[in-house]
Every structure is written in C-alpha cells, then in structure tokens.
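These values consider heavy atoms only, across backbone and side chains, with no hydrogens, waters or symmetry-generated copies.
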Amino acid sequence: GENVEQHPSTLSVQEGDSAVIKCTYSDSASNYFPWYKQELGKGPQLIIDIRSNVGEKKDQRIAVTLNKTAKHFSLHITETQPEDSAVYFCAASIGSGTYKYIFGTGTRLKVLA
Amino acid sequence: GAGVSQSPSNKVTEKGKDVELRCDPISGHTALYWYRQSLGQGLEFLIYFQGNSAPDKSGLPSDRFSAERTGGSVSTLTIQRTQQEDSAVYLCASSLGTTDTQYFGPGTRLTVL
C-alpha cells in the first residue's frame, strides 16, 4: 500500500541554525504534499504545502522542495527559533485530487537556545 | 473566527464501555474528517464527510467504530466495546471544500484501562 517515510524522528539544532526534515512517498500519483506543525496538546497546523507542478515553495523562513522523480520532498527551516520546537508531520495525498493523506510518523524538532 | 473544537479533551474509560467523541467544525466548512493518532505514529485517516454525500468510511478499523454528522455540522465518533488498543488521540478536521486546507481541532485523548 501507499507509504510515507519521514526522517529523522528527532532533530536538535542550535537557535539560528537550519533544520531539514525529509520525506519519501510511494504513490507516484500523489500530487499534494502538506506539512503540519503540532505543538504539545494542540492539533496539527498547516505551515506550508506544495503541489506536484512546483519544485519549490518558500514562505519567510520555511521552504519546501519536491523531487517528483525521486519521490522526495523536504522541509527547510532557516534561522530557527525556540518557538519552532514542535513535532512536524509530512503528508502526501493518496492519488491525485483526493482528500485522503498518508502521514509520516513525525519529527520532533528541538531548538536549543 | 472560531476554529475546530472537540470534546471532551480527555476521556478515560474502562475496557468494554462505549464512548462518544464530539467535533464542532468551522462554520461553513462542508468537509469533515476524523483521524486517529497513536503514540509515536502519524495520523491515520478514519472517516470523511462531505455535504450530503455518503461518508467515506474506508479508514474505520473495525465495526466497533462508527460516526455520524448531523445537519451537516457537528459530528460524533462512537467507539463501542472499547479495547486497550483504541487508546489514542482522536483528531477532527474540517475544510471548506474537498481539496481545501484541513484545519484540525485539539483532539480528544482517549485512554482505555
């Protein structure tokens, strides 16, 4: 079945450094890739997304890249701040134009002050 | 405006009892989703409602799980004869339309003793 692998499971960086989280997906028909941030005791919040017709998207300190050929997509956070500490989930749509996502298992990011 | 709300925030029950979890979506959102988040795992799709269409129940893990959405708004997820493996955080999300951004509620943490 469809699968999304996410690495690393935990990541610690110094404040101001960059953080990179990587995901791979198996369904070649997937065309939508959202990233969610989940803080303790809260539901996931969409932080950035990318569609398969785009290779890169940036929003201030956050960027996402997509390599359709390799079925890889990555989240890049620059100039990390303590408030970036959270669990980050990647997801891939099941097929194209669907509401169903397969989620990665999450990355716990700790930004050390 | 108000986001997705869920109640209760925490529920502790004994094995074999039935539980009901409630979700109030964002006003005007036609699509509603239930997910399950087990410890250290990603989000697992359970069920999807869109307007007056028949729900997509393909993610429900067993016939002990059911959900309904009354009047196209509030939804209730019911788990009958709860088992210890049902212990998880149950998340609800809503979106304006089928392929729009999904906004998550804070979740209900279910513990089955």
Point-to-point distance, once rounded to the nearest 0.5 Å, from OG1 of B:Thr101 to OH of A:Tyr36: 6.5 Å
Flag if over 12 foreign heavy atoms under 6.0 Å of CD, B:Glu14: no
Over 12 foreign heavy atoms within 6.0 Å of CD, A:Gln60: no
Same cluster (ILVMFWY, side-chain, under 4.5 Å), B:Val4 and B:Tyr35: no
Residue-level interface, residues 65-74 of chain A with chain B, non-hydrogen cut-off under 4.5 Å: none
A:Tyr101 OH to B:Gln102 CD distance, which is reported to the nearest 0.5 Å: 4.0 Å
Enclosure of B:Tyr103 OH (heavy-atom neighbours >12, cutoff 6.0 Å): no
Atom CD of A:Gln45: over 12 foreign heavy atoms under 6.0 Å: no
Interatomic spacing from OG1 in A:Thr105 to CG in B:Leu43 - rounded to 0.5 Å: 11.5 Å
Structural part of A:Gln6 lying under 4.5 Å from a heavy atom of chain B: neither
A:Glu15 atom CD, over 12 foreign heavy atoms within 6.0 Å: yes
Aromatic ring pairing A:Tyr99/B:Tyr33, orientation class (parallel under 30°, perpendicular over 60°, tilted between): tilted
Chain B contact via A:Lys42 - side chain, backbone, both or neither, heavy atoms under 4.5 Å: backbone
Shortest non-hydrogen contact between B:Leu91 and A:Gly43, atoms and distance: CD2-CA, 4.1 Å
Path from B:Trp34 to B:Phe65 over hydrophobic side-chain contacts below 4.5 Å: yes
Shared hydrophobic cluster for B:Leu32 and B:Leu60 (ILVMFWY, side-chain gaps under 4.5 Å): yes
Inter-residue atom distance A:Leu46.CG - B:Phe104.CZ, 0.5 Å rounding: 9.5 Å
Which atoms of B:Gln6 approach chain A - backbone, side chain, both or neither, heavy atom under 4.5 Å: neither
B:Leu39, CG: over 12 other non-hydrogen atoms inside 6.0 angstrom: no
Heavy atoms from other residues, nucleotides or ligands near NZ of A:Lys100 exceed 12 (cutoff 6.0 Å): yes
